[in-house]
Amino acid sequence: MKEAFDVARSPAVPEAVHDEQATRRRAAAAGPAGVTGTGASRAAGAEAPAALPGPVRAAVPAGRERAGTPGGSAGSGEASGPAAAPRPRSRPEEPGFWARHHLAVLTAATLACLLAGVAAERLGAPPAASLFFYVASYLAGGTPAALSGLAALRQRVIDVDLLMVLAALGAAGLGAWEEGATLLFLFSLSNALQSYAMDRTRRAIRALMDLAPETARRLRPGGTEEEVPVEDLRVGDVIAVRPGERIPIDGRVRAGRSTVDQAAITGESVPVAKGPGDEVFAGTMNQLGGLEVEVTRPATDTMLARIVALVQAAQEDRSRTQRLIDRIEQVYATAVVAVAALAAGLPLLWGADPAQTIYRALVLMVVASPCAVAISAPAPVLSAVANAARRGILLKGGRYVEELASVRVVAFDKTGTLTRGEPRVTDVVPLGGATREAVLQAAATAERLSEHPLARAVLAAAAAEGITPAEAEDAQAEPGFGVAARSGLGLAWAGSPEFARRHGADPSAAEPVMERLAREGKTVLLAGVGPNLLGCIAVQDTPRPGAREAVAALRRAGLIPVMLTGDRPEVARVIAAQLGITEVRAGLLPEGKLQAVEELSRTLGPVAMVGDGVNDAPALARARVGIAMGAAGTDVALETADVVLVSDEIEKLPFVFDLARRATRTIWQNLAFALSVIVVLVSLTLVGRLELALGVLGHEGSTVLAMLNGLRMLAVRPARHSAAAPAEVSGRTGS
């Protein structure tokens with residue numbers, strides 16, 4: 001039986017992962033000092049590749065890390081020459097036919113020998129002939145269970161496999177070879193079916209591991225190409241990726257433009273445009289143009305490698321219900337043996353028929369075995385983890401499936417979570433007879449050499465309308481006030497009213513417009529040339545596409561959305577109103593968010609915190625479930641949060657909660673069904689109305705049904721909402 005769901009039952013890795021996660025969460029929640037450390041590590045992580053924690057790396061089975069040679073060397077830089085063939089990458093070998101199908105083969109052999117034994121008996125063959133076939137059936141169907149049961153017994157554990165073997169041997173001792181062989185056949189068939197079913201959840205990992213190519217085309221200093229194993233690439237190397245090829249390693253585009261299909265990594269359904277400076281990930285598909293990519297991470301630390309490690313660790317981490325079942329199962333199996341022994345021994349003291357009494361005890365041992373109970377939790381949990389990973393959602397442990405299902409409040413960070421995190425020009429208001437183009441050109445000329453986020457927003461708006469900034473020089477920026485630059489237009493400037501006064505302009509004409517835009521939660525810049533005020537430019541961080549629909553779907557699911565932000569209250573209220581969030585807490589420092597999460601947990605129930613993993617780290621750690629946005633761009637998100645939305649698609653949140661609730665309901669459905677079947681079968685056995693073959697059929701049938709019910713989680717899909725996506729702000733209001 002263990003072979004059917006061993007992925008979910010290894011205690012070694014989960015405990016190590018739990019210890020590591022607990023350490024991280026305590027450190028992240030340690031108040032202001034912890035906040036500073038977290039922010040520093042995030043800043044450092046933006047430049048240097050983040051290593052997975054040791055226990056998480058240990059979750060990758062031997063041979064699965066694509067780390068080059070056994071010695072762990074990253075390989076040398078240059079190949080010996082053009083004719084040198086690249087060394088094949090070390091990859092896990094695909095399991096052979098016997099490894100994949102041995103249970104099915106043994107099950108078929110068990111059935112064939114069973115039928116041969118029955119035929120020999122019915123045709124009047126010598127008893128030795130039928131006995132030969134029955135013994136062969138026992139060996140084929142009972143050997144895997146016997147080996148597993150003995151291995152467990154050496155650990156002083158009585159498991160289901162041992163119960164089945166003992167029952168079959170007892171039947172043979174009573175001369176009921178046919179029924180014993182039937183027991184082993186049905187038990188073996190159940191294990192084979194479960195093995196094939198659970199393999200569907202393992203295919204997600206194997207498919208991910210096969211995404212990245214084994215070799216890459218590294219560019220030599222002279223511009224020529226050499227094909228090298230991916231493990232030989234070093235940070236700073238430049239590779240060429242042709243149209244229609246998969247990108248072999250994480251990097252940054254140095255030259256070329258293309259679109260890249262990132263669905264396998266981030267879950268995005270639409271290819272993403274890539275150009276110089278953009279990040280690309282191993283395993284994604286380059287489509288239209290050729291790219292030159294500078295390597296930013298070694299092969300063992302790519303986003304793909306980290307996703308594989310996290311999915312494997314999640315599949316080995318057990319839910320709370322499963323851990324409870326595992327603890328009870330060992331005691332329960334021992335109790336079944338003891339009760340069966342009493343059921344056989346006590347009637348014998350009263351003079352009952354020995355053969356009949358022992359036979360009933362064997363039936364009791366079979367029908368009371370907890371096979372269906374043991375599989376009730378692993379099947380839906382592992383299926384949910386695999387389904388989520390396939391859609392770009394990483395659950396870092398099976399236990400978070402049940403944690404998500406218990407959540408009552410979803411607390412959101414604002415900037416970078418509910419909003420794009422990039423300010424955009426929403427309004428351009430000319431004043432005093434100036435034109436819209438003049439306002440944008442003056443502001444863009446002043447901001448041309450600035451790296452401030454507001455400058456990037458102004459320049460993007462000007463470029464979108466085909467406005468070219470004038471050549472500028474002697475740019476001077478005054479933090480908190482504005483920036484000015486001398487050009488052919490004169491001294492162009494953009495900034496605050498005080499900055500306008502310093503350049504001889506009178507901002508009073510702009511005050512009504514500024515007050516109106518400020519009430520809308522927008523940041524307002526004045527723009528002009530010399531003493532001439534040309535107009536106002538309003539800039540605002542806009543909601544993410546799909547954020548409003550996600551919030552509405554969470555409300556329909558009975559969850560309470562709350563905004564926790566460090567931004568100004570007036571800005572927070574405007575964004576919250578656009579998204580349909582009624583409870584807003586603004587002006588919060590990181591420790592303030594942590595305190596808000598604690599208060600919400602006390603007053604409303606378990607909280608899931610959704611943030612970008614930077615200043616939200618303490619709140620992410622303290623919440624019942626921490627959900628991080630932006631795993632594709634940040635490293636700390638993978639370490640702090642319990643759930644990661646790889647593609648930043650906030651509209652996937654309702655699906656996560658729906659999947660978790662369905663999986664949890666399925667666990668309880670399975671448990672109720674399995675326990676009911678056990679009660680019915682045991683009752684029929686105690687009153688003497690159940691034969692061994694029927695008991696085995698009912699027991700194994702309930703196990704397979706519980707497994708299939710859990711596998712339904714693989715087919716759960718995100719709900720389709722009829723509401724249209726929120727319209728983009730045109731940026732022409734007030735023109």
Side-chain angles (χ1 to χ4, degrees), residues 1-2 4-5 107 110 114 141-142 145 149 158-174 176 178-194 325-326 328-347 352-353 355-379 666-710:
M1 174 63 70
K2 286 189 176 181
F5 48 94
T107 300
T110 304
L114 168 62
I158 296 177
D159 67 359
V160 176
D161 298 308
L162 185 62
L163 296 183
M164 295 299 106
V165 171
L166 290 177
L169 292 176
L174 295 175
E178 180 180 340
E179 291 183 300
T182 302
L183 163 63
L184 292 177
F185 163 67
L186 292 175
F187 185 65
S188 181
L189 176 62
S190 174
N191 279 344
L193 292 175
Q194 290 176 51
I325 290 173
D326 289 344
I328 294 175
E329 181 190 345
Q330 297 179 9
V331 177
Y332 180 83
T334 304
V336 168
V337 174
V339 170
L342 290 175
L346 292 179
D353 177 51
Q356 188 68 19
T357 300
I358 294 175
Y359 181 84
R360 293 300 169 203
L362 294 177
V363 176
L364 179 64
M365 184 184 299
V366 170
V367 299
S369 296
C371 289
V373 173
I375 205 63
S376 294
T666 302
I667 290 174
W668 291 107
Q669 289 171 3
N670 282 348
L671 286 173
F673 172 69
L675 292 174
S676 299
V677 170
I678 289 176
V679 169
V680 170
L681 294 180
V682 169
S683 300
L684 291 175
T685 301
L686 293 178
V687 298
R689 294 184 176 275
L690 191 68
E691 299 297 323
L692 180 59
L694 292 177
V696 171
L697 183 62
H699 175 266
E700 297 305 326
S702 66
T703 302
V704 172
L705 289 176
M707 164 66 67
L708 295 177
N709 191 38

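Just the heavy atoms: all of them, side chains too, but no hydrogens, waters or symmetry mates, feed the values below.
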Of all the heavy-atom pairs spanning [X] and [Y], show the shortest one and how long it is.
{"X": "Ser188", "Y": "Gly141", "answer": "CB-O, 4.3 Å"}
{"X": "Val366", "Y": "Ala167", "answer": "CG2-CB, 3.5 Å"}
{"X": "Thr110", "Y": "Ala181", "answer": "CG2-O, 4.2 Å"}
{"X": "Ala171", "Y": "Leu362", "answer": "N-CD1, 3.3 Å"}
{"X": "Ala340", "Y": "Met365", "answer": "CB-CE, 3.9 Å"}

Rounded to the nearest 0.5 Å, what separation is found between the [atom1] atom of [X] and the [atom2] atom of [Y]?
{"X": "Asp161", "Y": "Cys371", "atom1": "CG", "atom2": "SG", "answer": "7.5 Å"}
{"X": "Ile358", "Y": "Leu364", "atom1": "CD1", "atom2": "CG", "answer": "13.5 Å"}
{"X": "Leu694", "Y": "Thr685", "atom1": "CG", "atom2": "OG1", "answer": "10.0 Å"}
{"X": "Leu671", "Y": "Ile375", "atom1": "CG", "atom2": "CD1", "answer": "11.5 Å"}
{"X": "Leu684", "Y": "Glu691", "atom1": "CG", "atom2": "CD", "answer": "11.5 Å"}
{"X": "Leu163", "Y": "Tyr332", "atom1": "CG", "atom2": "OH", "answer": "9.5 Å"}

Exercise for the section: Could you check Asn670, Asn709, Thr703 and say which one makes a side-chain contact (heavy atoms from CB on, under 4.5 Å) with Ser376? Expected result: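 So, applying the side-chain contact (heavy atoms from CB on, under 4.5 Å) to Ser376 and each of Asn670, Asn709, Thr703, only Asn670 qualifies.
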
Problem - Partner of Leu681 under side-chain contact (heavy atoms from CB on, under 4.5 Å), chosen from Leu690, Leu697, Leu686 - result: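 When Leu690, Leu697, Leu686 are each tested with Leu681, the side-chain contact (heavy atoms from CB on, under 4.5 Å) holds only for Leu690.
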
Problem - Candidate pair Val337 and Leu162, rule side-chain contact (heavy atoms from CB on, under 4.5 Å), full reasoning - result: CA-CA 10 Å; Val337 174; Leu162 185 62; over 6 Å; no

Handout entry: Donor-acceptor contact present, side-chain Tyr359 to main-chain Leu692, <3.5 Å
Key =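 Yes, because the side chain of Tyr359 sits within donor-acceptor range (under 3.5 Å) of the backbone of Leu692.
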
Practice task
Measure from the side-chain N and O atoms of Thr666 to the backbone N and O of Gly710, and report whether any donor-acceptor pair falls under 3.5 Å.
Solution key: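 Judged by distance alone, no pair lies under 3.5 Å.
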
Practice task
Answer yes or no: is there a side-chain heavy-atom contact under 4.5 Å between Leu189 and Glu700?
Solution key: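 Leu189 vs Glu700: side chains apart.
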
